[in-house]
Amino acid sequence: MSEELLREGVAWLVRIIEAAGAVVIGAGALTAFGLFLVAVVRRDTTGFVRVRLLLGRFLALGLEFQLASDVLTTAVAPTFEEIGKLAAIAAIRTGLNYFLAREIKAERLELEQGGTASGSAPPP
């Protein structure tokens, strides 16, 4: 009885955390799209880099929420199959986060140096 109640509670928590991850990614995408439109209108090439940095941060945070929900899914009496799936998902999401963080760092460095990621000079 108590294990069933725990499973139900964890299932609800997983849904909430997955929804939080989706909301973070959705909010980041909408915000980035709005800033992208502003950059297009202003013809601001450095604005594109800023948009990518912002979106990258939101994606990284959203992926962390999704990974947390996957960990919780296997928290209550996991089977070996569930553990294997979690390991694969965790490896993929960790790899995505790693490369995303590396990209964000490179873009930030490029902005600080006054250029853009494409190597062109900022507009006058």
Side-chain angles (χ1 to χ4, degrees):
M1 177 72 173
S2 65
E3 186 175 323
E4 184 179 319
L5 187 60
L6 181 61
R7 283 182 192 270
E8 190 173 317
V10 168
W12 276 101
L13 190 55
V14 165
R15 288 185 196 119
I16 291 168
I17 293 172
E18 283 178 343
V23 166
V24 167
I25 292 171
L30 290 174
T31 303
F33 185 69
L35 293 174
F36 166 76
L37 291 177
V38 169
V40 167
V41 169
R42 293 182 179 169
R43 297 176 188 237
D44 177 17
T45 57
T46 60
F48 296 131
V49 176
R50 289 187 189 101
V51 169
R52 288 187 69 206
L53 285 172
L54 177 76
L55 182 57
R57 287 185 195 113
F58 275 97
L59 288 173
L61 181 60
L63 282 171
E64 293 294 336
F65 275 107
Q66 297 300 321
L67 182 58
S69 73
D70 291 333
V71 169
L72 277 176
T73 299
T74 60
V76 181
T79 64
F80 282 114
E81 183 179 340
E82 289 173 330
I83 292 171
K85 286 179 184 177
L86 175 64
I89 291 169
I92 291 167
R93 290 193 176 155
T94 300
L96 284 172
N97 259 345
Y98 170 77
F99 289 110
L100 189 56
R102 207 169 83 179
E103 181 78 14
I104 288 170
K105 184 179 179 180
E107 294 287 342
R108 184 178 296 136
L109 181 62
E110 191 71 34
L111 264 182
E112 289 171 358
Q113 291 175 352
T116 63
S118 63
S120 61

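No experiment lies behind these values; they were computed from the predicted model shown.
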Pairwise distance [atom1]([X]) to [atom2]([Y]) - rounded to 0.5 angstrom:
{"X": "Leu59", "Y": "Arg52", "atom1": "CG", "atom2": "CZ", "answer": "11.0 Å"}
{"X": "Leu86", "Y": "Asp70", "atom1": "CG", "atom2": "CG", "answer": "6.5 Å"}
{"X": "Leu67", "Y": "Ile92", "atom1": "CG", "atom2": "CD1", "answer": "11.5 Å"}
{"X": "Asn97", "Y": "Leu63", "atom1": "CG", "atom2": "CG", "answer": "5.0 Å"}

Can you tell if the side chain of Glu103 reaches within under 4.5 Å of the side chain of Phe99, non-hydrogen atoms only?
no
What do the steps show when you test Thr31 against Leu54 for side chain to side chain contact (heavy atoms under 4.5 Å, CB included), and what is the final call?
CA-CA 8 Å; Thr31 303; Leu54 177 76; 3.5 Å; yes
Glu81 with Lys85: basic N within carboxylate O range, under 4.0 Å
yes
Using 4.0 Å as the upper bound for N to carboxylate O, is an ion pair formed by Glu107 and Arg50?
no
Test item: Thr94 side-chain N/O and Ala91 main-chain N/O as donor-acceptor pair under 3.5 Å
no
So, Gln66 side chain and Glu18 main chain: donor-acceptor pair closer than 3.5 Å or not?
yes
Among Val10, Ile16, Ile17, the one residue meeting side-chain contact (heavy atoms from CB on, under 4.5 Å) with Val14:
Val10
If you take all heavy atoms of Phe65 and Gly21, which pair is closest and at what distance?
CB-CA, 3.5 Å
For a quick test of reading the model, state the closest non-hydrogen atom pair linking Ile104 to Gly56 and the distance between them.
CD1-C, 3.5 Å
Do the side chains of [X] and [Y] join up, straight or via other hydrophobic residues, at under 4.5 Å, putting them in one cluster?
{"X": "Phe48", "Y": "Phe58", "value": "yes"}
{"X": "Ile89", "Y": "Leu100", "value": "no"}
{"X": "Leu61", "Y": "Phe33", "value": "yes"}
{"X": "Leu37", "Y": "Leu35", "value": "yes"}
{"X": "Leu55", "Y": "Ile25", "value": "yes"}

